[in-house]
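Just the heavy atoms: all of them, side chains too, but no hydrogens, waters or symmetry mates, feed the values below. Numbered from 1 within each chain, the chains take letters A, B, ... in sequence-line order.
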2 protein chains.
Amino acid sequence: MPELTSQTYTRADEAFDCLQTAIVKGELAPGDKIGELDLCSRFELTRGPLREALGRLESRGLLVRRPHAGVKVVSLSASELVELYRIREVMEGLAARQAAERMTDQEIADLRATLDAHEAMIEEARGQAYYQAEGDYDFHHRIATGSRNTKLAQMLLGDLYYMVRMYRYRLSTSAGRPHRALGEHRRIVEAIAHRDGELAEFLMKRHINAARRNIEKKIQQGDLTI
Amino acid sequence: MPELTSQTYTRADEAFDCLQTAIVKGELAPGDKIGELDLCSRFELTRGPLREALGRLESRGLLVRRPHAGVKVVSLSASELVELYRIREVMEGLAARQAAERMTDQEIADLRATLDAHEAMIEEARGQAYYQAEGDYDFHHRIATGSRNTKLAQMLLGDLYYMVRMYRYRLSTSAGRPHRALGEHRRIVEAIAHRDGELAEFLMKRHINAARRNIEKKIQQGDLTI
DNA sequence: AAACTGGATATTGTCAACAATCTGCAACGT
DNA sequence: ACGTTGCAGATTGTTGACAATATCCAGTTT
């Protein structure tokens with residue numbers, strides 16, 4: 001048998017993961033110029049695999065390269081961040097509709113459990129924006145996967161979410177927003193449980209629309225330094 | 001001055017473009033297992049840049065790699081191809097709406113000219129499916145760009161279109177479809193010219209929906225070997 | 001004094017050799 | 001006869017050295 005547990009992690013995969021998480025967590029901030037050998041010593045690898053990983057990251061839009069000049073972490077303008085949410089709106093709307101049609105009952109039960117845990121976190125850790133953000137991410141992650149649309153999930157999980165998370169830790173959530181967001185999540189799940197794809201799509205689009213308007217408001221208030 | 005015309009094409013860029021077009025044109029068919037040194041001799045380059053390009057292609061989902069086992073061109077199942085059109089429907093709907101809000105008058109005029117040229121091609125080269133396909137691609141390309149949504153255009157032009165074009169040359173167009181599609185294109189452009197984003201989105205979604213149903217019909221008839 | 005030009009330095013792009021791993025075939029045992 | 005096991009070959013992953021290019025600083029010029 002050709003070793004089915006072929007979880008062979010290559011150095012390039014390792015480099016890719018390390019860099020991606022470093023960027024998302026903010027250890028490498030947007031706009032930072034980073035040298036290849038700096039990264040090599042930092043992550044204990046050589047330039048070959050690193051460059052391969054850089055190619056992947058560039059292709060995903062997390063960093064930009066100029067030949068012979070160097071690599072820098074991509075820096076989104078305020079308007080580009082807003083545009084990102086417009087894309088999320090239509091794509092996650094589709095994901096919600098397809099999830100309503102295709103998720104198993106078990107997955108829906110798990111989704112409900114996720115929201116319960118999320119609610120408990122909001123009650124307990126009042127103001128803990130980090131957990132709120134992670135809980136939100138988990139919710140959207142499950143729906144993207146539940147859509148059974150391979151490419152859609154790939155684009156959401158592999159592209160958009162990483163870019164959104166890059167900036168999420170800067171977006172201080174408004175006072176009542178987490179609680180309101182939870183309510184919106186619950187209604188989406190109920191629509192999915194009723195297998196009402198059309199409603200699920202509508203509610204998801206409205207949900208992300210609200211998040212976008214929230215960000216736009218902050219930008220106008222100057223609360224956001226991008 | 002630091003050479004503003006810094007169109008420095010690296011070997012990796014070259015490799016990336018060559019491979020991408022080779023895949024899209026069908027010279028490398030879906031499912032083909034391809035060796036690195038084969039590609040090296042084929043495109044006159046060494047393995048370093050090639051591997052970087054392979055990383056990018058993999059990240060874009062055009063090919064899949066198994067460590068130590070090799071690279072093969074991705075092969076979409078029939079259902080995955082259909083799912084691709086569902087994604088196009090919502091994303092290009094958004095693109096059309098934003099294009100209606102943001103395209104310049106000049107761009108709209110160019111778009112009309114494109115359709116005129118397209119119409120002439122349909123009349124002249126009756127049955128020339130290739131030109132039909134390229135004309136269709138050009139139309140959608142212009143609208144994606146006209147949306148002024150950087151990330152949206154990047155995802156459409158850099159991801160989805162390449163995958164669609166990969167399979168388009170196999171999809172023999174139905175008898176009256178090109179002419180009907182042209183009519184749909186014209187109505188979309190008129191909506192954009194009237195700056196009616198909502199209508200443009202609706203018409204674009206319906207347009208791609210029709211294309212999807214066309215493909216589904218062919219699949220059911222068994223005209224499509226995927 | 002400000003702007004430009006030139007070269008030194010450091011960084012990136014590229015290459016070719018080495019090591020690790022998978023695939024396919026053949027021999028063996030059951 | 002069939003399945004398993006071990007080996008040989010080929011292919012991929014990795015490494016370190018070499019070449020090409022952009023950046024930075026100093027000297028010069030206007």
Asker: Nearest to the side chain of B/Leu37, which nucleotide is it out of C/dT11, D/dT11, D/dG13?
Answerer: D/dT11
Asker: Quick check against the 3.5 Å criterion: does B/Arg56 have a side-chain atom that pairs as donor or acceptor with the backbone of A/Ser59?
Answerer: no
Asker: Take the protein atom CG of B/Asp13 and the nucleotide atom C1' of C/dG13, then report the distance between them rounded to whole Å.
Answerer: 11 Å
Asker: B/Lys72 NZ to C/dC22 C1': how many Å, rounded?
Answerer: 15 Å
Asker: Checking B/Arg165 against B/Tyr161: charged group under 6.0 Å from the ring centre and within 45 degrees of the axis?
Answerer: no
Asker: When the ring planes of A/His185 and A/Phe139 are compared, do they come out parallel, tilted or perpendicular, using 30° and 60° as the limits?
Answerer: parallel
Asker: Mind checking if B/Gly48 touches a base, just sugar-phosphate, or nothing, with heavy atoms under 4.0 Å?
Answerer: nothing
Asker: I want to verify a distance call: between C/dG13, C/dC15, D/dT12, whose nearest atom is closest to the A/Pro67 side chain?
Answerer: C/dG13
Asker: Looking only at side-chain atoms of B/Ala69, point me to the closest of C/dT23, D/dT14, D/dA17.
Answerer: C/dT23
Asker: Write down the distance between CZ (A/Phe16) and P (D/dG13), rounded to a whole number of angstrom.
Answerer: 16 Å
Asker: Figure out the CZ/P separation between A/Arg47 and D/dG16, and round it to whole Å.
Answerer: 12 Å
Asker: Would you mind reading off the distance between A/Glu52 atom CD and C/dT14 atom C1', rounded to a whole angstrom?
Answerer: 15 Å
Asker: How many Å lie between CD on A/Glu36 and C1' on D/dG16, as a whole number?
Answerer: 14 Å
Asker: Do B/Glu101 and B/Arg195 sit within salt-bridge range, that is, some charged N less than 4.0 Å from a carboxylate O?
Answerer: no
Asker: Should A/Arg65 and B/Glu52 count as an ion pair when the cut-off is N to O under 4.0 Å?
Answerer: yes
Asker: Please state how far atom CZ in A/Arg51 lies from atom P in C/dC15, giving the value in whole angstrom units.
Answerer: 11 Å
Asker: When you get a sec, tell me which of D/dG13, D/dT23, C/dT14 is the closest nucleotide to the side chain of A/Arg66?
Answerer: D/dT23
Asker: Is a donor-acceptor contact shorter than 3.5 angstrom present between the side chain of B/Arg65 and the base of D/dG13?
Answerer: no
Asker: Whole Å only: how far is the CG atom of B/Leu50 from the P atom of C/dC15?
Answerer: 11 Å
Asker: Find which nucleotide of DNA chain C each of B/Lys33 and B/Pro49 is nearest to by heavy atoms, and output the residue with the more 5' nucleotide.
Answerer: B/Pro49
Asker: Side chain of B/His68, heavy atoms from C-beta onward: which of D/dA17, C/dA20, D/dG16 has the nearest atom to it?
Answerer: C/dA20
Asker: Of all the nucleotides listed (D/dT15, C/dA17, C/dT14), which has the minimum atom distance to the side chain of A/Arg11?
Answerer: D/dT15
